[in-house]
Amino acid sequence: MNEHAVVIVGGGPTGMMLAGELMLAGVDVVIVERRLSHELDGSRAGGLHSRTLEVLDQRGIADRFLSEGQIAQVQSFGGTRLDISDFPTRHPYGLGLWQNHIERILAGWVDELAVPVHRGREVTGFAQTDAHVDVELSDGHSLRAEYLVGCDGGRSLIRKTAGIEFPGWDPTTSALIAEAELAEEPELGIRRDSRGIHSFGRLEYEIRDGEVVYLDGGPIRIMVTEGHPGPAGEPTLRDLSEALTAVYGTDYGVHSTAWISRFTDMTRQAASYRERRVLLAGDAAHVHSPVGGQGLNVGVQDAVNLGWKLAQVVKRTSPELLLDTYHAERHPVGARVLQNTMAQVALNNPDERHQALRDTMAELLGMDEPRRRLAGMLSGLDIHYDLGAGHPLLGRRVPDLDLDTADGPVRLFTLLHDARPVLLNLDAPWAWETSPWSDRVLTIDAEYVGDWELPVLGRVAAPSAVLIRPDGHVAWVGDGTDTGLRDALTTWFGSR
Ligand SMILES: Cc1cc2nc3c(=O)[nH]c(=O)nc-3n(C[C@H](O)[C@H](O)[C@H](O)COP(=O)(O)OP(=O)(O)OC[C@H]3O[C@@H](n4cnc5c(N)ncnc54)[C@H](O)[C@@H]3O)c2cc1C
């Protein structure tokens, strides 16, 4: 039986991101993925939000995505566009890029890092003891791991086998999405009617002056809301034809579907993200309506929160207790996404009263404070882990500052490329004692001239030093002394 420190089930966006994080930390990790290649059936998610771009920037790979996608103001709430171009981030926008491309780029990164991926193999079960987890594979082999992470999507076998509850709400609406060819050319764009929202688009598009402009030719991407939540299981061409006819009076001669799928607004969240040696991340931990395009983003950010913590636990530099902070920090973030998607599904209800509500919301969101508040949440830029009272930076993401160091100018995010903690001193060079951590915390003296400005909050007082976790969140803020620094180093990066 092969043994690994960590086995990740599922090589979707969450699993790949987590594997990359663990590999950067030098952990023996393997992915088990049922699909034979990273190719996806269908395009699924349409892009990345600002904080996800920042997270990828923290690892030095954001440009790979930016060079292939379309930058745009994609944030919206209940149909109202929320412009974030004034947000203090290097990426005050979203990126339009289909999930199949996102996965291809992530797969390239994971390949470079030499993460072993067992493709075409399925996990069929597992058993955990106090010391390890034995993982059964469909080909009769098994793997032994210290920790098992279920990144195996919304129907997660890992979640079910671990006995983790998945409370929430059943679907109230469903839609079919497909890529297909049509005998007759439909009018491209969005239509609203008494059933809900429907659209025809093309896979290939450009964003010009903030508007989507479809390129000529290629398959059509269809989304059509069904009259009643459709049944579980794979939808057929006939289902698609009937749903189109019900809305448009014709199915436009739909044929040759490259793929067809159904999504719903089922909204559920794992009661716990950890059951002893088993953890959940991404869709395995939370499912909701795709409205607002947040699912993939939250999964990637779960992975970046978990990766360094799990690495420290398997390397015995931190106690297992550190893993509990993963649930404590990420469960509330997931719960907020569930809440905002439910609110948006309600707002999208096509009747006249909901139209009045949408209009009212649009009016409110035209005001600066509500816009910033909701856009901060949807972009992921306002995430605030509860690390106690103190400076507003504590628990929030550090901004990507332009720093001056003895070795020349450097962007703060560049210091995070290796996924190591950073102790950044912005005051006079210090002689504080940090030796027990010096092998794993990058300590750097730098100068920064400029404001400290956070999304939503605005300007905050400049700190004299900050301790930054590998996920880019601030674990300690200095006020000219080292009060509290050793405690923070011990809490987050272990005592040994
Ligand atoms: C129509 C649609 C539109 C969407 N739009 C957006 C959007 O615009 N923005 C956004 O952020 N999100 C969007 N989403 C959601 C997004 O696609 C998911 O949130 C995202 O794919 C979750 O990633 P994941 O890695 O957690 O899970 P998945 O992508 O589901 O990956 C799970 C992986 O696990 C593998 N697997 C499962 N079980 C096993 C097993 N037993 N053994 C081995 N392998 C296994 C699967 O093959 C799969 O590769 C959309 C989803 C849909 C359906």
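Remember, predicted model here, so these are calculated numbers, not experimental data.
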Checklist outcome for this item: Note: Leu280 and Ile164 closest approach over all heavy atoms is CD1-CD1, 3.7 Å
Checklist entry - Can you check whether Arg276's main-chain N or O pairs, donor with acceptor, with Arg274's side chain at less than 3.5 Å? => result yes
Next on the checklist: Ignoring hydrogens and geometry beyond distance, is a side-chain donor-acceptor pair present between Arg397 and His473 at under 3.5 Å?
Outcome noted: no
Next on the checklist: Less than 3.5 Å apart, any donor N or O on the side chain of Thr236 or Asp239 sitting next to an acceptor on the other?
Outcome noted: yes
Checklist entry - Looking just at side-chain N and O atoms, do Gln301 and Thr52 make a donor-acceptor pair shorter than 3.5 Å? => result yes
Next on the checklist: Distance alone, cut at 3.5 Å: any donor-acceptor contact between the side chains of Gln99 and Glu103?
Outcome noted: yes
Next on the checklist: We want to know whether Ser156 and Asp152 form a side-chain donor-acceptor pair, criterion being a heavy-atom distance below 3.5 angstrom.
Outcome noted: yes
Next on the checklist: Heavy-atom count check: over 12 atoms from other residues, nucleotides or ligands less than 6.0 Å from Glu112 CD?
Outcome noted: yes
Next on the checklist: Under a 3.5 Å distance rule, please check whether Trp109 uses its side chain to pair with a backbone N or O of Met16 as donor and acceptor.
Outcome noted: no
Checklist entry - With no hydrogens and no angle check, is any side-chain donor or acceptor of Glu33 less than 3.5 Å from a backbone partner on Arg35? => result yes
Next on the checklist: Which residues pass the ring-ring contact (aromatic ring centres under 6.0 Å, His included) test with Tyr93, not counting sequence neighbours?
Outcome noted: His91
Item to check | Any donor-acceptor N or O pair under 3.5 Å, side chains Asp471, Gln58 | outcome: no
Checklist entry - Are Arg373 and Asp382 ion-paired here, with the side-chain N under 4.0 Å from a carboxylate O? => result no
Item to check | Residue pair Ser174 / Glu226, side-chain donor-acceptor N/O under 3.5 Å | outcome: yes
Checklist entry - Is it the case that Arg396 and Tyr385 place a side-chain donor and acceptor less than 3.5 Å from each other? => result no
Checklist entry - What do the steps show when you test His49 against Gln294 for side chain to side chain donor-acceptor pair (under 3.5 Å), and what is the final call? => result CA-CA 8 Å; His49 288 310; Gln294 299 165 84; over 6 Å; no
Checklist entry - Gln344 side chain to Gly78 main-chain N or O, any donor-acceptor pair under 3.5 Å? => result yes
Item to check | Main-chain N/O of Ala446 paired to Thr405 side chain as donor or acceptor, under 3.5 Å | outcome: no
Item to check | Side-chain donor-acceptor contact under 3.5 Å, His286 with Asp302 | outcome: yes
Checklist entry - Would you say the side-chain atoms of Ser138 pair up with the backbone N or O of Glu122, donor to acceptor, closer than 3.5 Å? => result yes
Checklist entry - Can Ser318 and Lys309 be counted as having a side-chain donor-acceptor contact under 3.5 angstrom? => result no
Item to check | Closest heavy-atom pair and its distance - Phe87, Ser379 | outcome: CE2-OG, 4.4 Å
Checklist entry - Have Thr172 and Asp265 got a donor and an acceptor in their side chains that come within less than 3.5 Å? => result yes
Item to check | Flag for Thr89-Glu54: side-chain donor and acceptor within less than 3.5 Å | outcome: yes
Item to check | Test: Asp111 and Arg104 ion pair at under 4.0 Å | outcome: no
Checklist entry - Counting N and O atoms only, with roles assigned by atom type, does the side chain of Arg277 sit under 3.5 Å from a partner on the main chain of Glu146, one being a donor and the other an acceptor? => result yes
Checklist entry - Where does the angle between the aromatic ring planes of Phe493 and Trp308 fall among parallel (under 30°), tilted (30 to 60°) and perpendicular (over 60°)? => result tilted
Next on the checklist: Check the orientation of Trp98 and Tyr205. Use parallel for under 30°, tilted for 30 to 60°, and perpendicular for over 60°.
Outcome noted: perpendicular
Next on the checklist: Looking at Arg90 and Asp400, would you say the former's side chain and the latter's main chain have a donor-acceptor pair under 3.5 Å?
Outcome noted: yes
Checklist entry - Do the side chains of Val224 and Leu240 get nearer than 4.5 Å, heavy atoms only? => result yes
Item to check | Glu275 vs Gln128 side-chain heavy atoms within contact, under 4.5 Å | outcome: yes
Checklist entry - Are Glu320 and Tyr147 linked by a side-chain donor-acceptor pair shorter than 3.5 Å? => result yes
Next on the checklist: Keeping Thr225 on the side-chain end and Ile197 on the backbone end, is there a donor-acceptor pair under 3.5 Å?
Outcome noted: yes
Next on the checklist: Any side-chain to backbone donor/acceptor pair from Arg316 onto Val314? Under 3.5 Å, distance only.
Outcome noted: yes
